[in-house]
Number of protein chains: 2
Amino acid sequence: MNEHEHEQKERFKDISFINNISSMAVIGVSERRKFFFLRNHQEHFQGELYAIHPKIKSIPNFDDGTQEKIFRTVKDVPGKVDFAFIAVPPTKIIEVIDDCVEKGVKLVSIFTAEFSDAGTEEGRKLEKKLLEHAQNKLRILGPNGMGLYYPKLGIAWRPKFPHTSGRIGFIAQSGGICNIAIYASQELGMSYSKVFSFGNGADLDFVDLLHFLINDSETEIILGYIEGLAKGRGVALQEALANNKKPTIMLKGGKSKMGSVAAKTHTGTLTGKKTMWEVIFRQYGVINVDTIEQLLNTARLIHSYGLFNISNIAILSVSGGYGVVLVDLLAHYGLNIFPFNTEIQKQLDQQFFTLGTSSNNPLDVSAQIYNSESIYNIIDIALSDKNIDGLIMDLPTWYFNMDYHLTKDPNFEPTILKAFSLGHKHNKPLVPIIQRVNCPEDRIRLLRELNERKVPVFGDPFEFVPLLPKISAQYIKMKSR
Amino acid sequence: MNEHEHEQKERFKDISFINNISSMAVIGVSERRKFFFLRNHQEHFQGELYAIHPKIKSIPNFDDGTQEKIFRTVKDVPGKVDFAFIAVPPTKIIEVIDDCVEKGVKLVSIFTAEFSDAGTEEGRKLEKKLLEHAQNKLRILGPNGMGLYYPKLGIAWRPKFPHTSGRIGFIAQSGGICNIAIYASQELGMSYSKVFSFGNGADLDFVDLLHFLINDSETEIILGYIEGLAKGRGVALQEALANNKKPTIMLKGGKSKMGSVAAKTHTGTLTGKKTMWEVIFRQYGVINVDTIEQLLNTARLIHSYGLFNISNIAILSVSGGYGVVLVDLLAHYGLNIFPFNTEIQKQLDQQFFTLGTSSNNPLDVSAQIYNSESIYNIIDIALSDKNIDGLIMDLPTWYFNMDYHLTKDPNFEPTILKAFSLGHKHNKPLVPIIQRVNCPEDRIRLLRELNERKVPVFGDPFEFVPLLPKISAQYIKMKSR
């Protein structure tokens with residue numbers, strides 16, 4: 001090992017072994033809590049799963065009375081244990097960690113709180129003692145965190161977490177934010193490779209996990225929620241980001257003075273200067289967002305179309321007024337709605353045959369919307385303009401409910417869905433806005449169908465328009481490296 | 001009539017008679033279009049409804065073969081006709097208007113397009129001729145507009161428009177935007193007094209209709225979508241607004257250079273300088289928004305809580321991280337998240353009994369959320385702090401699905417709904433964020449239940465946080481007059 005490699009090893013704790021976890025234990029199963037964490041892992045975990053408790057002898061629907069999967073301590077498990085989820089009282093934690101070290105457990109998640117997060121000297125001491133007993137022989141997620149969600153292996157801390165595996169990795173200093181992100185993913189048409197909730201980050205911290213995801217072959221897009229870093233980890237963060245080629249989106253909590261006070265109460269973290277974070281994010285082409293919703297929506301756009309550079313947009317509206325408002329909003333965010341080139345314009349003109357429409361950009365199809373074939377052709381032609389980088393189309397919910405159609409054309413919806421998918425044909429982002437108006441049940445069905453087609457639908461332009469220039473900026477930054 | 005009144009009369013065309021419309025005709029019913037506009041008005045119109053067509057003798061499910069409700073011209077109708085919806089070809093319009101004048105019709109909506117909106121000299125001439133033939137004896141909405149939606153009387157231009165009547169008036173230069181606003185209202189828990197889609201505004205324009213709504217006893221909140229005004233109407237606009245005491249929210253289309261080009265194509269309107277509009281809106285305390293979604297969301301907030309002045313906010317979060325992000329966002333929009341006063345803090349402390357919670361502002365209830373009674377008490381106490389102007393609470397969808405609850409407490413949802421309604425008890429806005437995560441069906445049910453309670457729910461903080469300081473500014477402006 002040369003010096004550089006040695007230094008790297010110190011900077012970034014290695015957890016590449018987690019891709020091969022094949023056995024796990026839930027330590028501190030709770031009868032009162034109806035074996036919550038055990039049950040959640042039992043839902044989908046693919047390997048050997050053990051329950052650890054000093055007294056419990058049998059768990060319904062888990063060990064079938066054979067007692068071959070319940071042990072007093074982790075040391076008593078006959079086979080190996082790669083990973084342990086720990087939810088014991090703080091007073092028991094040192095003993096449990098000693099057992100795990102002795103057993104050769106490689107990774108533990110510590111759900112237990114009241115360490116440095118408590119803001120007491122006692123809590124800080126216990127956290128320090130915890131690390132001493134771990135002896136660098138095992139890696140720790142937490143304490144005060146939810147640990148690891150790894151759908152491919154079925155590792156999941158809450159009930160009904162999706163068990164489909166994807167290419168998005170997420171690191172968060174907040175278990176609650178992870179829960180939102182994970183439960184939201186299915187309706188948003190996304191899936192995760194791994195999600196880490198690292199809590200106090202006593203051992204594995206944000207930088208370690210970011211470095212892991214940057215190098216993880218199962219991860220293509222990286223999301224993060226960070227409140228702050230321990231002193232001296234800023235250099236490592238920058239080093240990790242310097243080698244990053246994956247689209248990366250970050251939400252920084254505690255940007256404001258009041259927010260940083262709140263963060264200190266939340267995780268005991270010192271959030272650092274807002275500007276410092278902004279500089280780092282800008283320098284390394286990290287997309288910097290302001291809410292968890294923006295974090296997920298940015299991920300959806302990139303998940304659907306990859307990183308893209310969008311400057312000139314075509315708009316297709318069923319309402320002239322809505323089109324005008326969209327132009328204003330896009331212009332505000334630095335995007336252009338320019339005329340089509342002459343040849344394309346000629347082709348478009350031929351597709352318009354209804355009074356009250358406009359074949360210029362923004363396209364106003366008005367009542368011609370019901371001729372869905374013509375809409376398909378219009379979008380196809382507009383996207384073939386080499387100066388057009390993408391297309392936004394609005395279509396309120398009631399168009400997807402036949403009760404509102406004069407002529408019940410069974411081809412309407414399939415053709416519109418096909419038209420919405422034309423972004424993929426042209427390799428340019430096409431983003432439909434299906435306004436949340438009436439018929440919410442139809443909207444649910446539609447979103448699910450469009451998720452299958454990797455078409456990201458929104459209900460309000462503010463959900464995604466401010467994100468477009470951010471994605472373009474990252475595209476340019478990544479390209480220049 | 002003194003001079004001032006005379007001048008007023010010229011400035012604002014009077015349509016106060018519309019509150020007493022008791023008979024109407026649809027002129028130009030179309031068999032090919034399945035009698036679309038006739039059917040839509042037939043759904044709920046309370047008075048006498050006639051169909052006018054030179055040839056059609058019978059309409060299924062309308063006249064029962066008696067032919068007593070179908071006439072060749074409006075002049076042939078035996079009784080009076082207060083209002084006519086006109087959808088004849090442009091070549092027939094003058095003749096129809098002459099008939100309406102002769103018959104004594106008071107108001108017509110002209111759906112027909114291809115007047116000044118066509119951008120041709122011919123179109124402009126036809127529009128001028130139309131006005132000459134109207135002789136100021138009848139008032140015109142349009143041409144190129146959808147006219148009047150008046151749910152109390154059952155006047156409605158599209159199918160399944162809600163027939164519940166409310167206190168919100170809306171004027172728009174775009175029929176499509178009206179459609180969105182009207183179809184959205186039911187799911188948003190709002191109802192309209194009247195909606196005007198005035199198209200080209202050849203006769204009745206934005207200012208006339210605004211003046212009407214300002215003085216209309218059925219209207220309490222005014223919404224508007226405007227692209228531009230005819231030359232010389234700016235003074236009248238300001239005069240109307242100077243006497244306005246109702247909360248008023250406006251969306252201006254064509255703010256940007258590109259948007260103003262689009263608006264010219266849309267309605268042939270010159271949009272005027274952005275700054276001029278901004279100055280007028282600010283001077284008269286009009287809330288200036290950027291999208292139709294913001295227009296409706298602002299209306300929802302005011303509809304629920306009246307105009308309010310909000311500066312210091314309490315946050316109640318189930319996720320510490322989400323709370324931190326909310327603090328940052330609120331701070332960005334100039335709102336404060338200050339500590340509670342000492343007495344209130346003491347009372348709050350007594351309500352917290354779960355590890356990992358925080359009883360400071362932002363309140364972090366974490367797993368204590370399942371004890372819904374304590375949540376009710378916490379909100380009740382927080383809102384009783386005299387320095388707190390309102391409360392925001394986040395609770396993702398899955399909390400409203402019992403499959404995700406360990407203990408299936410049947411009181412959970414009713415108690416949380418009661419807690420969400422505490423804003424009304426304290427006369428302070430309480431805004432829940434129910435993030436659109438999973439369980440979308442449960443969210444639909446919940447939104448409907450909260451609409452009944454006049455509690456405006458959002459799914460994303462960006463939907464309403466930027467609106468809060470705008471509402472406060474209007475409150476202060478209105479108070480100072």
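These figures come from a predicted structure and were not determined experimentally. In the text below, chain A, chain B and the rest are named by the order of the sequence lines, each starting its count at 1.
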The interface call for B:Leu251 against chain A, heavy-atom contacts under 4.5 Å, is side chain
Cut-off 4.5 Å, heavy atoms of chain A, and the answer for B:Asn179 is both
Answer key: most heavy-atom pairs under 4.5 Å with chain A among B:Asn336, B:Val318, B:Ile182 is B:Asn336
Applying a strict 4.5 Å limit to non-hydrogen atoms, the region of B:Glu114 in contact with chain A is side chain
When the 4.5 angstrom heavy-atom criterion is applied to B:Gln186 and chain A, the contacting part is neither
The reported gap from CD1 in B:Ile337 to OG in A:Ser256 (rounded to nearest 0.5 angstrom) is 7.0 Å
To the nearest 0.5 Å, atom SG of A:Cys439 lies from atom CD1 of B:Ile444 at 10.5 Å
Bottom line for B:Leu329: the part with an atom under 4.5 Å from chain A's heavy atoms is side chain
So with a 6.0 Å cut-off around OH of B:Tyr225, is the heavy-atom count from everything else above 12? yes
So A:Phe462 and B:Asp460, side-chain contact (heavy atoms from CB on, under 4.5 Å) or not? Walk me through it.
CA-CA 10 Å; A:Phe462 265 113; B:Asp460 179 330; over 6 Å; no
Assert top hit (heavy-atom pairs under 4.5 Å, partner chain A, pool B:Leu188, B:Val325, B:Ile292) equals B:Val325
Interatomic distance, CD@A:Gln435 vs OH@B:Tyr183, rounded to 0.5 Å, equals 13.5 Å
Discussion item. I'd like to know if the side chain of A:Lys34 and the backbone of B:Leu406 have a donor-acceptor N/O pair within less than 3.5 Å.
Written reply: yes
Whatever's closer than 4.5 Å to a heavy atom in chain A on B:Thr291 counts as both
Would you sort out whether A:Glu227 and B:Val324 count as a side-chain contact (heavy atoms from CB on, under 4.5 Å), showing the intermediate values? CA-CA 9 Å; A:Glu227 291 178 358; B:Val324 170; 3.8 Å; yes
Okay, B:Ile177 and chain A: the region with an atom under 4.5 Å from a heavy atom over there is both
So CE of B:Met258 and CG of A:Leu326: to nearest 0.5 Å the spacing works out to 12.5 Å
One should read off an interatomic distance between B:Thr407 OG1 and A:Arg32 CZ, to the nearest 0.5 angstrom, of 9.5 Å
Practice task
Find out whether A:Phe161 and B:Asn438 are in side-chain contact, i.e. whether some heavy atom of one side chain is under 4.5 Å from a heavy atom of the other.
Solution key: no
request  = Please indicate whether B:Phe111 has more than 12 foreign heavy atoms, meaning atoms of other residues, nucleotides or ligands, lying under 6.0 Å from its CZ.
outcome  = no
Cut-off 4.5 Å, heavy atoms of chain A, and the answer for B:Asp364 is side chain
So, the part of B:Leu363 with a heavy atom under 4.5 Å from chain A: the answer is neither
The interface call for B:Tyr322 against chain A, heavy-atom contacts under 4.5 Å, is both
| Does any N or O in the side chain of A:Asp328 come within less than 3.5 Å of the main-chain N or O of B:Gly253, such that one atom is a donor and the other an acceptor? | no
Residues passing the side chain to side chain donor-acceptor pair (under 3.5 Å) test with B:Gln368, sequence neighbours excluded, are B:Thr354, B:Ser374
What do the steps show when you test B:Tyr404 against A:Lys160 for side-chain contact (heavy atoms from CB on, under 4.5 Å), and what is the final call? CA-CA 8 Å; B:Tyr404 291 77; A:Lys160 295 176 194 292; 3.4 Å; yes
Worksheet item: Looking at A:Glu441 and B:Arg443, does any basic side-chain N land under 4.0 Å from a carboxylate oxygen?
Response: no
Contacts of B:Arg39 meeting salt bridge (charged side-chain N to carboxylate O under 4.0 Å, His left out) (sequence neighbours excluded), chain-then-number -> none
Turns out that what part of B:Pro440 lies under 4.5 Å from chain A's heavy atoms comes down to both
When the 4.5 angstrom heavy-atom criterion is applied to A:Leu295 and chain B, the contacting part is neither
Honestly, the part of B:Ala113 sitting under 4.5 Å from a heavy atom of chain A is neither
Max heavy-atom pairs within cutoff under 4.5 Å with chain B, candidates A:Gly176, A:Ala262, A:Ala181, A:Gly320, goes to A:Gly320
Scored by heavy-atom pairs under 4.5 Å with chain A, the best of B:Gly175, B:Gly356, B:Ser358, B:Pro461 is B:Pro461
CD of A:Glu293 to CD1 of B:Ile433, rounded to nearest 0.5 Å, is 7.0 Å
Turns out that what part of B:Asn144 lies under 4.5 Å from chain A's heavy atoms comes down to neither
